[in-house]
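Quick notes on the structure that follows.
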Amino acid sequence: MIGFVASLEIVEDLGPELVQRWLHRRISAAAAVVIYVLAVIMFVRMLRLFGTTFTWTANAIRNGALIYVSKRLQDRRAFAWLLVGFFVSLWPFWQWNYWAMAWQVLILVLLLPINWYQDWIKANWLRHGLVLSVISLVYWLFDMYAFHYPLGETLAVWVCFVVVIVLAHMYDYLLVYRQQKTSTLEYDNQHDALTGVHSLSKFTSDFGRYHQLSLDGNMPAVHLVMLDIDHFKRINDTYGHLAGNDVLKAFASDLETYLDQSAFPCTLYRTGGEEFSLLIAGGATDQQVRAIVDGYVAHLRQLTIATAGVKLHLTVSAGITKVMAGDKRNDITIARADANLYAAKRGGRDQVVAGN
(Lines give C-alpha, C1' and ligand atoms only; values in the text may rest on other atoms or scores of the structure.)
Protein backbone atom coordinates (compact mmCIF):
# COMPACT_ATOMS: atom_id res chain seq x y z
CA MET A 1 0.00 0.00 0.00
CA ILE A 2 2.83 2.37 0.82
CA GLY A 3 4.38 1.53 -2.56
CA PHE A 4 1.07 2.38 -4.21
CA VAL A 5 1.01 5.77 -2.44
CA ALA A 6 4.58 6.52 -3.54
CA SER A 7 3.89 5.54 -7.15
CA LEU A 8 0.72 7.63 -7.15
CA GLU A 9 2.79 10.68 -6.19
CA ILE A 10 4.98 10.10 -9.25
CA VAL A 11 1.99 9.61 -11.56
CA GLU A 12 0.33 12.78 -10.30
CA ASP A 13 3.49 14.86 -10.71
CA LEU A 14 4.87 13.46 -13.98
CA GLY A 15 1.96 11.67 -15.66
CA PRO A 16 0.56 14.62 -17.68
CA GLU A 17 4.04 15.64 -18.81
CA LEU A 18 4.92 12.12 -19.99
CA VAL A 19 1.60 11.72 -21.84
CA GLN A 20 2.20 15.05 -23.57
CA ARG A 21 5.73 14.00 -24.55
CA TRP A 22 4.92 10.47 -25.70
CA LEU A 23 1.38 10.72 -27.06
CA HIS A 24 1.15 14.45 -27.77
CA ARG A 25 -2.09 14.62 -25.79
CA ARG A 26 -2.91 16.81 -22.82
CA ILE A 27 -4.49 15.26 -19.75
CA SER A 28 -4.97 16.54 -16.22
CA ALA A 29 -3.20 15.12 -13.19
CA ALA A 30 -6.58 13.79 -12.00
CA ALA A 31 -7.09 11.91 -15.28
CA ALA A 32 -3.59 10.42 -14.98
CA VAL A 33 -4.41 9.21 -11.45
CA VAL A 34 -7.70 7.64 -12.60
CA ILE A 35 -6.03 5.84 -15.50
CA TYR A 36 -3.24 4.58 -13.23
CA VAL A 37 -5.57 3.34 -10.49
CA LEU A 38 -7.79 1.51 -13.00
CA ALA A 39 -4.69 -0.03 -14.58
CA VAL A 40 -3.54 -1.30 -11.17
CA ILE A 41 -7.00 -2.73 -10.45
CA MET A 42 -7.17 -4.46 -13.82
CA PHE A 43 -3.66 -5.85 -13.38
CA VAL A 44 -4.62 -7.31 -10.01
CA ARG A 45 -7.77 -8.78 -11.55
CA MET A 46 -5.72 -10.46 -14.27
CA LEU A 47 -3.39 -11.96 -11.66
CA ARG A 48 -6.44 -13.23 -9.80
CA LEU A 49 -7.87 -14.84 -12.95
CA PHE A 50 -4.53 -16.53 -13.62
CA GLY A 51 -4.61 -17.94 -10.11
CA THR A 52 -1.39 -16.23 -8.98
CA THR A 53 -3.00 -13.95 -6.37
CA PHE A 54 -5.30 -14.80 -3.45
CA THR A 55 -8.70 -13.10 -3.30
CA TRP A 56 -7.70 -11.65 0.09
CA THR A 57 -4.73 -9.91 -1.50
CA ALA A 58 -6.66 -8.76 -4.56
CA ASN A 59 -9.48 -7.32 -2.47
CA ALA A 60 -7.06 -5.63 -0.09
CA ILE A 61 -5.36 -3.85 -3.01
CA ARG A 62 -8.66 -2.85 -4.62
CA ASN A 63 -10.22 -1.66 -1.37
CA GLY A 64 -7.08 0.18 -0.35
CA ALA A 65 -6.75 1.94 -3.70
CA LEU A 66 -10.37 3.09 -3.75
CA ILE A 67 -10.48 4.28 -0.15
CA TYR A 68 -7.12 6.06 -0.37
CA VAL A 69 -7.90 7.83 -3.65
CA SER A 70 -11.34 8.88 -2.37
CA LYS A 71 -9.56 11.11 0.14
CA ARG A 72 -6.93 12.37 -2.25
CA LEU A 73 -8.49 13.07 -5.63
CA GLN A 74 -9.85 16.64 -5.70
CA ASP A 75 -11.56 16.42 -9.08
CA ARG A 76 -15.08 15.10 -8.34
CA ARG A 77 -15.88 14.28 -11.94
CA ALA A 78 -12.67 12.29 -12.32
CA PHE A 79 -13.45 10.39 -9.12
CA ALA A 80 -16.95 9.57 -10.38
CA TRP A 81 -15.42 8.18 -13.58
CA LEU A 82 -13.03 6.12 -11.46
CA LEU A 83 -15.97 4.53 -9.64
CA VAL A 84 -17.73 3.79 -12.93
CA GLY A 85 -14.58 2.27 -14.39
CA PHE A 86 -14.05 0.17 -11.28
CA PHE A 87 -17.62 -1.14 -11.40
CA VAL A 88 -17.28 -2.10 -15.07
CA SER A 89 -14.03 -3.93 -14.25
CA LEU A 90 -16.01 -6.34 -12.03
CA TRP A 91 -17.76 -7.91 -15.03
CA PRO A 92 -19.38 -10.49 -15.04
CA PHE A 93 -20.43 -9.24 -11.59
CA TRP A 94 -20.16 -12.47 -9.60
CA GLN A 95 -21.92 -14.43 -12.35
CA TRP A 96 -24.71 -11.84 -12.54
CA ASN A 97 -25.56 -11.91 -8.87
CA TYR A 98 -27.92 -8.93 -8.77
CA TRP A 99 -27.84 -8.60 -5.01
CA ALA A 100 -24.04 -8.41 -5.09
CA MET A 101 -24.23 -5.86 -7.91
CA ALA A 102 -26.67 -3.69 -5.97
CA TRP A 103 -24.56 -3.81 -2.80
CA GLN A 104 -21.44 -3.03 -4.80
CA VAL A 105 -23.08 0.07 -6.27
CA LEU A 106 -24.17 1.13 -2.78
CA ILE A 107 -20.72 0.87 -1.22
CA LEU A 108 -19.19 2.70 -4.17
CA VAL A 109 -21.71 5.50 -3.73
CA LEU A 110 -20.67 5.70 -0.06
CA LEU A 111 -17.26 6.90 -1.23
CA LEU A 112 -18.73 10.00 -2.89
CA PRO A 113 -19.41 11.99 0.32
CA ILE A 114 -15.98 10.93 1.59
CA ASN A 115 -14.47 12.38 -1.56
CA TRP A 116 -16.56 15.56 -1.33
CA TYR A 117 -15.70 16.21 2.33
CA GLN A 118 -12.15 14.91 2.31
CA ASP A 119 -10.62 18.15 3.62
CA TRP A 120 -12.97 18.15 6.61
CA ILE A 121 -12.25 14.47 7.27
CA LYS A 122 -8.49 14.86 7.06
CA ALA A 123 -8.46 17.97 9.24
CA ASN A 124 -8.79 15.82 12.39
CA TRP A 125 -6.78 12.64 12.95
CA LEU A 126 -9.44 11.02 15.15
CA ARG A 127 -12.17 11.75 12.63
CA HIS A 128 -9.91 10.56 9.82
CA GLY A 129 -9.14 7.27 11.56
CA LEU A 130 -12.81 6.68 12.40
CA VAL A 131 -13.90 7.22 8.78
CA LEU A 132 -11.13 4.91 7.56
CA SER A 133 -12.15 2.18 9.99
CA VAL A 134 -15.88 2.38 9.27
CA ILE A 135 -15.66 2.48 5.46
CA SER A 136 -13.05 -0.30 5.50
CA LEU A 137 -15.36 -2.47 7.65
CA VAL A 138 -18.22 -1.90 5.21
CA TYR A 139 -16.03 -2.96 2.30
CA TRP A 140 -14.74 -6.09 4.01
CA LEU A 141 -18.23 -7.13 5.13
CA PHE A 142 -19.32 -6.87 1.51
CA ASP A 143 -16.34 -8.99 0.43
CA MET A 144 -17.31 -11.52 3.10
CA TYR A 145 -20.76 -11.77 1.52
CA ALA A 146 -19.56 -11.77 -2.11
CA PHE A 147 -16.65 -14.21 -1.63
CA HIS A 148 -18.06 -16.28 1.25
CA TYR A 149 -15.29 -15.44 3.71
CA PRO A 150 -15.61 -16.61 7.33
CA LEU A 151 -16.59 -13.79 9.70
CA GLY A 152 -13.63 -14.32 12.05
CA GLU A 153 -11.07 -14.23 9.26
CA THR A 154 -12.76 -11.21 7.70
CA LEU A 155 -12.57 -9.21 10.93
CA ALA A 156 -8.93 -10.20 11.43
CA VAL A 157 -8.06 -9.06 7.90
CA TRP A 158 -10.02 -5.86 8.45
CA VAL A 159 -7.95 -5.00 11.52
CA CYS A 160 -4.71 -5.60 9.60
CA PHE A 161 -6.07 -3.62 6.66
CA VAL A 162 -6.89 -0.61 8.84
CA VAL A 163 -3.37 -0.63 10.29
CA VAL A 164 -1.81 -0.74 6.82
CA ILE A 165 -4.00 1.98 5.33
CA VAL A 166 -3.41 4.25 8.33
CA LEU A 167 0.33 3.77 7.84
CA ALA A 168 -0.11 4.57 4.15
CA HIS A 169 -1.89 7.82 5.02
CA MET A 170 0.85 8.68 7.52
CA TYR A 171 3.40 8.11 4.77
CA ASP A 172 1.38 10.37 2.50
CA TYR A 173 1.40 13.03 5.22
CA LEU A 174 5.19 12.76 5.45
CA LEU A 175 5.47 13.16 1.66
CA VAL A 176 3.32 16.29 1.75
CA TYR A 177 5.32 17.65 4.68
CA ARG A 178 8.58 17.04 2.83
CA GLN A 179 7.24 18.74 -0.31
CA GLN A 180 6.18 21.76 1.73
CA LYS A 181 9.59 22.00 3.38
CA THR A 182 11.32 21.62 0.02
CA SER A 183 9.12 24.32 -1.49
CA THR A 184 9.84 26.61 1.46
CA LEU A 185 13.58 26.08 1.14
CA GLU A 186 13.43 26.64 -2.60
CA TYR A 187 11.41 29.82 -2.11
CA ASP A 188 13.81 31.10 0.55
CA ASN A 189 16.76 30.42 -1.74
CA GLN A 190 15.17 32.21 -4.68
CA HIS A 191 13.70 35.21 -2.85
CA ASP A 192 15.14 38.03 -0.81
CA ALA A 193 13.98 37.71 2.80
CA LEU A 194 13.43 41.45 3.32
CA THR A 195 11.74 42.62 0.13
CA GLY A 196 10.24 39.39 -1.24
CA VAL A 197 11.66 39.95 -4.73
CA HIS A 198 14.00 37.44 -6.33
CA SER A 199 17.42 36.92 -4.77
CA LEU A 200 20.97 37.31 -6.06
CA SER A 201 21.33 33.53 -6.49
CA LYS A 202 18.15 33.45 -8.56
CA PHE A 203 19.45 36.35 -10.66
CA THR A 204 22.70 34.50 -11.31
CA SER A 205 20.79 31.40 -12.38
CA ASP A 206 18.23 33.20 -14.55
CA PHE A 207 20.71 35.57 -16.16
CA GLY A 208 23.06 32.71 -17.04
CA ARG A 209 20.20 30.81 -18.67
CA TYR A 210 18.85 33.84 -20.56
CA HIS A 211 22.35 34.78 -21.64
CA GLN A 212 23.08 31.35 -23.08
CA LEU A 213 19.72 31.10 -24.85
CA SER A 214 20.24 34.53 -26.36
CA LEU A 215 23.72 33.66 -27.58
CA ASP A 216 22.39 30.44 -29.12
CA GLY A 217 19.73 32.42 -30.95
CA ASN A 218 16.91 30.61 -29.13
CA MET A 219 15.48 33.61 -27.34
CA PRO A 220 14.34 37.12 -28.33
CA ALA A 221 16.23 40.14 -27.06
CA VAL A 222 16.96 40.32 -23.32
CA HIS A 223 17.91 43.53 -21.54
CA LEU A 224 19.60 43.96 -18.19
CA VAL A 225 18.72 46.98 -16.06
CA MET A 226 20.66 47.80 -12.90
CA LEU A 227 19.04 50.23 -10.44
CA ASP A 228 20.38 51.92 -7.33
CA ILE A 229 18.37 53.97 -4.84
CA ASP A 230 19.97 57.40 -4.63
CA HIS A 231 21.47 58.53 -1.30
CA PHE A 232 20.26 55.43 0.51
CA LYS A 233 23.19 55.57 2.97
CA ARG A 234 22.00 59.00 4.03
CA ILE A 235 18.57 57.53 4.86
CA ASN A 236 20.16 54.81 7.00
CA ASP A 237 22.46 57.26 8.78
CA THR A 238 19.70 59.79 9.44
CA TYR A 239 16.68 57.64 10.28
CA GLY A 240 18.20 54.25 11.14
CA HIS A 241 18.31 50.84 9.54
CA LEU A 242 14.66 50.02 10.31
CA ALA A 243 13.63 53.04 8.29
CA GLY A 244 16.03 51.91 5.58
CA ASN A 245 14.33 48.51 5.55
CA ASP A 246 10.94 50.18 5.18
CA VAL A 247 12.27 52.12 2.21
CA LEU A 248 13.65 49.00 0.53
CA LYS A 249 10.39 47.07 1.00
CA ALA A 250 8.27 49.96 -0.25
CA PHE A 251 10.52 50.53 -3.27
CA ALA A 252 10.55 46.84 -4.25
CA SER A 253 6.78 46.51 -3.86
CA ASP A 254 6.11 49.66 -5.86
CA LEU A 255 8.47 48.66 -8.66
CA GLU A 256 6.96 45.16 -8.93
CA THR A 257 3.46 46.67 -9.12
CA TYR A 258 4.64 49.02 -11.86
CA LEU A 259 6.29 46.20 -13.83
CA ASP A 260 3.12 44.11 -13.72
CA GLN A 261 1.65 46.59 -16.19
CA SER A 262 4.45 46.06 -18.71
CA ALA A 263 3.78 44.33 -22.02
CA PHE A 264 7.06 42.40 -21.65
CA PRO A 265 8.16 39.79 -19.07
CA CYS A 266 10.03 41.68 -16.34
CA THR A 267 11.71 39.98 -13.38
CA LEU A 268 13.05 41.97 -10.44
CA TYR A 269 15.96 40.91 -8.23
CA ARG A 270 17.66 42.40 -5.19
CA THR A 271 21.35 42.01 -5.94
CA GLY A 272 22.85 44.16 -3.19
CA GLY A 273 21.95 46.43 -0.28
CA GLU A 274 20.06 49.13 -2.19
CA GLU A 275 20.91 47.67 -5.59
CA PHE A 276 18.31 45.94 -7.74
CA SER A 277 18.53 44.29 -11.13
CA LEU A 278 15.83 43.84 -13.72
CA LEU A 279 15.70 41.38 -16.61
CA ILE A 280 13.36 42.38 -19.43
CA ALA A 281 12.77 39.55 -21.90
CA GLY A 282 10.29 38.95 -24.70
CA GLY A 283 12.11 40.79 -27.48
CA ALA A 284 11.61 44.37 -26.31
CA THR A 285 13.56 46.91 -28.35
CA ASP A 286 16.10 49.29 -26.82
CA GLN A 287 13.54 52.10 -27.11
CA GLN A 288 10.79 50.09 -25.44
CA VAL A 289 13.05 49.12 -22.52
CA ARG A 290 14.17 52.74 -22.15
CA ALA A 291 10.53 53.82 -22.05
CA ILE A 292 9.76 51.29 -19.30
CA VAL A 293 12.65 52.44 -17.12
CA ASP A 294 12.16 56.15 -17.81
CA GLY A 295 8.52 55.75 -16.93
CA TYR A 296 9.35 54.24 -13.58
CA VAL A 297 11.99 56.86 -12.75
CA ALA A 298 9.35 59.54 -13.34
CA HIS A 299 6.75 57.56 -11.40
CA LEU A 300 9.07 57.11 -8.42
CA ARG A 301 9.42 60.85 -7.94
CA GLN A 302 5.74 60.90 -6.93
CA LEU A 303 6.07 58.09 -4.37
CA THR A 304 5.91 59.01 -0.69
CA ILE A 305 7.14 56.57 1.97
CA ALA A 306 6.08 57.16 5.57
CA THR A 307 8.65 55.81 8.06
CA ALA A 308 10.30 56.88 11.32
CA GLY A 309 7.75 59.68 11.66
CA VAL A 310 8.72 61.32 8.40
CA LYS A 311 7.67 61.18 4.75
CA LEU A 312 10.46 60.36 2.34
CA HIS A 313 10.73 60.80 -1.41
CA LEU A 314 13.04 58.60 -3.45
CA THR A 315 14.90 58.82 -6.72
CA VAL A 316 16.77 56.09 -8.52
CA SER A 317 19.63 55.83 -10.99
CA ALA A 318 19.57 53.15 -13.67
CA GLY A 319 21.88 51.63 -16.24
CA ILE A 320 20.55 49.64 -19.21
CA THR A 321 22.24 47.31 -21.65
CA LYS A 322 21.27 44.55 -24.01
CA VAL A 323 22.72 41.05 -24.04
CA MET A 324 24.97 41.13 -27.10
CA ALA A 325 26.21 38.32 -29.33
CA GLY A 326 29.79 39.29 -28.49
CA ASP A 327 29.25 38.93 -24.72
CA LYS A 328 31.01 35.60 -24.27
CA ARG A 329 30.74 35.76 -20.49
CA ASN A 330 27.98 36.90 -18.15
CA ASP A 331 30.20 39.42 -16.41
CA ILE A 332 30.81 41.33 -19.66
CA THR A 333 27.12 42.24 -19.89
CA ILE A 334 26.88 42.94 -16.17
CA ALA A 335 29.95 45.19 -16.26
CA ARG A 336 28.48 47.20 -19.11
CA ALA A 337 25.17 47.72 -17.27
CA ASP A 338 27.09 48.61 -14.11
CA ALA A 339 29.18 51.18 -16.03
CA ASN A 340 25.97 52.76 -17.34
CA LEU A 341 24.56 52.86 -13.81
CA TYR A 342 27.59 54.69 -12.47
CA ALA A 343 27.48 57.06 -15.41
CA ALA A 344 23.94 57.94 -14.33
CA LYS A 345 25.18 58.54 -10.79
CA ARG A 346 28.07 60.71 -11.94
CA GLY A 347 25.68 62.65 -14.12
CA GLY A 348 23.70 63.80 -11.12
CA ARG A 349 21.55 60.74 -10.22
CA ASP A 350 17.78 60.44 -10.80
CA GLN A 351 18.36 59.52 -14.41
CA VAL A 352 18.84 56.62 -16.83
CA VAL A 353 21.86 55.82 -18.98
CA ALA A 354 21.61 53.19 -21.72
CA GLY A 355 24.22 51.82 -24.05
CA ASN A 356 25.43 48.63 -25.63
Side-chain angles (χ1 to χ4, degrees), residues 187-215 219-233 244-245 247-286 288-300 303 314-324 327-347 349-356:
Y187 180 89
D188 290 345
N189 181 59
Q190 295 185 355
H191 291 79
D192 175 59
L194 177 64
T195 62
V197 302
H198 293 291
S199 64
L200 174 60
S201 62
K202 178 64 171 170
F203 169 77
T204 303
S205 172
D206 288 353
F207 183 70
R209 184 173 67 255
Y210 286 173
H211 186 204
Q212 189 58 52
L213 288 172
S214 297
L215 296 182
M219 191 170 188
V222 177
H223 287 78
L224 169 62
V225 183
M226 300 186 73
L227 307 103
D228 193 281
I229 299 174
D230 295 329
H231 305 297
F232 182 76
K233 185 178 184 301
N245 289 345
V247 168
L248 290 171
K249 288 187 287 187
F251 170 79
S253 176
D254 184 70
L255 179 51
E256 280 204 309
T257 301
Y258 176 85
L259 294 173
D260 285 342
Q261 306 169 28
S262 173
F264 298 95
C266 302
T267 309
L268 179 63
Y269 310 83
R270 185 185 178 197
T271 48
E274 70 274 21
E275 297 171 0
F276 292 80
S277 294
L278 177 62
L279 289 175
I280 302 179
T285 64
D286 293 349
Q288 288 170 323
V289 172
R290 180 64 186 256
I292 292 171
V293 181
D294 278 339
Y296 183 71
V297 170
H299 161 85
L300 184 62
L303 179 67
L314 300 180
T315 61
V316 68
S317 301
I320 306 173
T321 193
K322 179 181 177 181
V323 177
M324 305 294 290
D327 297 343
K328 300 303 182 183
R329 302 190 314 276
N330 296 349
D331 58 357
I332 295 176
T333 311
I334 294 172
R336 192 165 59 246
D338 195 48
N340 290 339
L341 169 62
Y342 279 93
K345 284 181 169 293
R346 288 193 303 270
R349 293 183 169 85
D350 189 24
Q351 59 182 280
V352 180
V353 173
N356 299 322

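These numbers come from the heavy atoms of this one structure, side chains and all, not from hydrogens, waters or symmetry mates.
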### Message
I want to know whether Y258 and H299 have ring centres closer than 6.0 Å.
### Response
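Between Y258 and H299, the centre distance is under 6.0 Å.
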
Using the benzene-type ring in the case of Trp, are the ring centres of F251 and F276 under 6.0 Å apart?
yes

Measuring from [X]:[atom1] to [Y]:[atom2], what's the distance to the nearest 0.5 Å?
X    : Y    : atom1 : atom2 : result
T267 : F203 : OG1   : CZ    : 10.5 Å
Q261 : C266 : CD    : SG    : 11.0 Å
Q190 : L200 : CD    : CG    : 13.0 Å
D228 : E274 : CG    : CD    : 4.5 Å
Q288 : R290 : CD    : CZ    : 14.5 Å
N330 : H211 : CG    : NE2   : 5.5 Å

Non-hydrogen atoms of [X] and [Y] that approach each other most closely:
X    : Y    : result
L300 : T315 : CD2-C, 3.8 Å
S277 : T271 : OG-OG1, 3.1 Å
K345 : I229 : NZ-O, 4.5 Å
D338 : M226 : N-SD, 3.5 Å
A344 : S317 : CB-CB, 4.1 Å
N340 : A354 : ND2-C, 3.9 Å

Is there a side-chain contact between [X] and [Y] (heavy atoms, below 4.5 Å)?
X    : Y    : answer
H198 : H191 : yes
L255 : L268 : yes
V222 : I280 : no
L227 : L341 : no

Exercise. Just one of V289, D327, D286, T285 clears the side chain to side chain contact (heavy atoms under 4.5 Å, CB included) bar with K322, so which one?
Worked result: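 Going through the options one by one, the only one that passes is D286.
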
Quiz item: Is there a donor-acceptor pair closer than 3.5 Å between any side-chain N or O of D230 and the backbone N or O of D350?
Solution: yes

* Asked: So, R270 side chain and G273 main chain: donor-acceptor pair closer than 3.5 Å or not?
  ->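 It does hold such a pair.
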
Pair L314, H231 - check side chain to side chain contact (heavy atoms under 4.5 Å, CB included), show working.
CA-CA 9 Å; L314 300 180; H231 305 297; over 6 Å; no

Any chance you could lay out the side chain to side chain contact (heavy atoms under 4.5 Å, CB included) test for T333 and F207, step after step, and finish with the verdict? CA-CA 10 Å; T333 311; F207 183 70; 3.7 Å; yes

Can you see whether [X] engages [Y] through a side-chain donor-acceptor pair at a distance of less than 3.5 angstrom?
X    : Y    : answer
E256 : S253 : no
D206 : Y269 : yes
R336 : T321 : yes
T257 : D254 : no

Please determine whether side chain to side chain contact (heavy atoms under 4.5 Å, CB included) holds for the pair L224 and L278, giving the CA-CA distance in whole Å, both sets of side-chain angles, and the decisive distance to 0.1 Å. CA-CA 6 Å; L224 169 62; L278 177 62; over 6 Å; no

CA sep, side-chain torsions, deciding dist, call: L194, K249, side chain to side chain contact (heavy atoms under 4.5 Å, CB included): CA-CA 7 Å; L194 177 64; K249 288 187 287 187; 3.9 Å; yes

